[in-house]
Amino acid sequence: MRVDGQTGIIPLRAMTAGEVLDAAVALLRRHAAPLLTLSLTLAVVEQLLLSRLRTFAQISPSLYYWRINSEDIDWVPAVAAGLAGEAFIIAILGAYAGAAAGPALLGHRFRDRDLLRRTRPLAALLIALVLATLTFGAAVAGFLGVIFVYGLAGMSTVVLTVDRTANPFTAIGRAVGRATRSGMRGVLLRLLGYLVWLAIRLALGSGWIIAAGTITSVAGWTWWLDWAVPIAWAIANAVAYAALACLDAVLLLEIRVRTEGLDIAVNRARSLGTDPAAALVVR
């Protein structure tokens, strides 16, 4: 069921970097319940899986998981798995954010369960697995490649649900093409958004642990840190992952406005009395 609104929360025009970030937060606020619920669920599963790898790698649950108990243990697989998990979760959330972004641009309101039907879960899952695999391989190979995988292909599931592409691999190729337009603007904004939310989640994840540490005896750190650290990071990551997925959705629409004339197509459809949502579809 669709409920028409007056104006969209995503501007139908080219935006500055700050406006893209602001619009992403607005999209997250509108769909906070489903996005944060799914994000938190996936973030908790991620922490449970990573806890086993960290134990094997003898990485202690210090505040930022940087304490290595043995120089003989290779910590790279554990860190690579964490980055792959991030790529997977952001991609899954991106499918929902993309389904929500089109109506948010056009000023329409869809119920959350109607948006879920538009997420194309099987195709989104396939893309998420591909991105996670590429991220893990890039991390194991030296971490630098992770920047390129994230920056170039990270919008793939958003392309899938906004453009309604039939082939998931077409969505990946189209995401790379759009991210590199206008002097790699899409890549740079994705990296900027990641750094902004990295700083925020570091503050969210560490803040209350540090505060609790000031009133906890030194002997108490051993038992409660094992639980407090992964819980803190699961909550912080859940917010950041959802926000980054919304950033991808807003960024894709902004790129299409800037380089494909999406705003012209939508306004033309409105002037002709046809459904402007058809302008979003690029099969």
Side-chain angles (χ1 to χ4, degrees), residues 21 24-25 27-29 31-70 73-94 96-97 128 131-132 135-136 139 143 146-147 150 154 190-248:
L21 292 170
V25 173
L27 182 63
L28 174 58
R29 290 177 61 185
H31 299 283
L35 279 170
L36 292 178
T37 298
L38 178 58
S39 184
L40 182 59
T41 300
L42 293 173
V44 168
V45 173
E46 176 193 33
Q47 289 298 318
L48 290 174
L49 295 176
L50 289 177
S51 65
R52 295 182 177 274
L53 288 175
R54 289 165 180 157
T55 299
F56 177 77
Q58 300 185 36
I59 302 176
S60 300
S62 59
L63 193 57
Y64 299 107
Y65 285 111
W66 58 25
R67 186 179 302 159
I68 310 298
N69 293 337
S70 172
I73 299 297
D74 188 3
W75 51 267
V76 171
V79 177
L83 293 171
E86 289 189 1
F88 178 86
I89 295 172
I90 294 171
I92 292 295
L93 295 170
Y96 185 93
L131 294 181
T135 301
F136 183 84
F143 291 103
V146 174
I147 298 174
Y150 180 80
R190 288 201 87 232
L191 295 177
L192 173 63
Y194 186 88
L195 292 175
V196 168
W197 280 99
L198 177 62
I200 293 173
R201 59 173 151 162
L202 287 175
L204 290 174
S206 62
W208 73 271
I209 295 178
I210 293 174
T214 60
I215 58 175
T216 303
S217 63
V218 175
W221 280 88
T222 302
W223 65 266
W224 74 267
L225 206 58
D226 290 339
W227 296 93
V229 171
I231 290 173
W233 291 120
I235 296 172
N237 287 341
V239 177
Y241 293 160
L244 289 171
C246 290
L247 173 63
D248 287 342

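These numbers were taken from a predicted model, which means no experiment stands behind them. Only heavy atoms go into these numbers, but all of them, side chains included; no hydrogens, no water, no symmetry mates.
You'll find the side chain of Tyr194 stays beyond 4.5 Å of the side chain of Leu247, heavy atoms only. At least one side-chain heavy atom of Tyr150 sits less than 4.5 Å from a side-chain heavy atom of Leu244. Asp248 has its side chain within reach of Arg190: a pair of non-hydrogen atoms, C-beta onward, lies under 4.5 Å apart. Within the 4.5 Å cutoff, the side chain of Thr135 has no heavy atoms near those of the Phe88 side chain. Leu202 has its side chain within reach of Trp233: a pair of non-hydrogen atoms, C-beta onward, lies under 4.5 Å apart.
Shown here for Gly82 and Leu50, the closest heavy-atom pair between the two residues is N-CD2, 3.6 Å. Residues Ala245 and Gly94 approach most closely at CB-N, 3.6 Å, considering heavy atoms. Contact record, Phe136 with Pro77: CE1-O, 3.8 Å, taken as the closest heavy-atom pair. The shortest non-hydrogen separation linking Gly85 to Glu46 is C-OE2, 3.8 Å. Minimum heavy-atom separation, Ala84 to Ala132: CB-O, 3.4 Å. The two residues Cys246 and Ala24 make their nearest non-hydrogen contact at CB-O, 3.4 Å.
Atom CG of Leu36 and atom OG1 of Thr41 lie 10.5 Å apart (nearest 0.5 Å). The distance from the CG atom of Asn237 to the OG atom of Ser39 is 8.0 Å, given to the nearest 0.5 Å. With rounding to the nearest 0.5 angstrom, the CG atom of Leu42 is 11.0 Å from the CD1 atom of Ile90. The line from CG of Leu191 to CD1 of Ile147 is 6.5 Å long, rounded to the nearest 0.5 Å. Here the straight-line distance linking atom CG of Leu93 with atom OH of Tyr241 works out to 10.0 Å at 0.5 Å rounding. From Leu195, atom CG reaches atom CD1 of Ile200 across 11.5 Å, with rounding to the nearest 0.5 Å.
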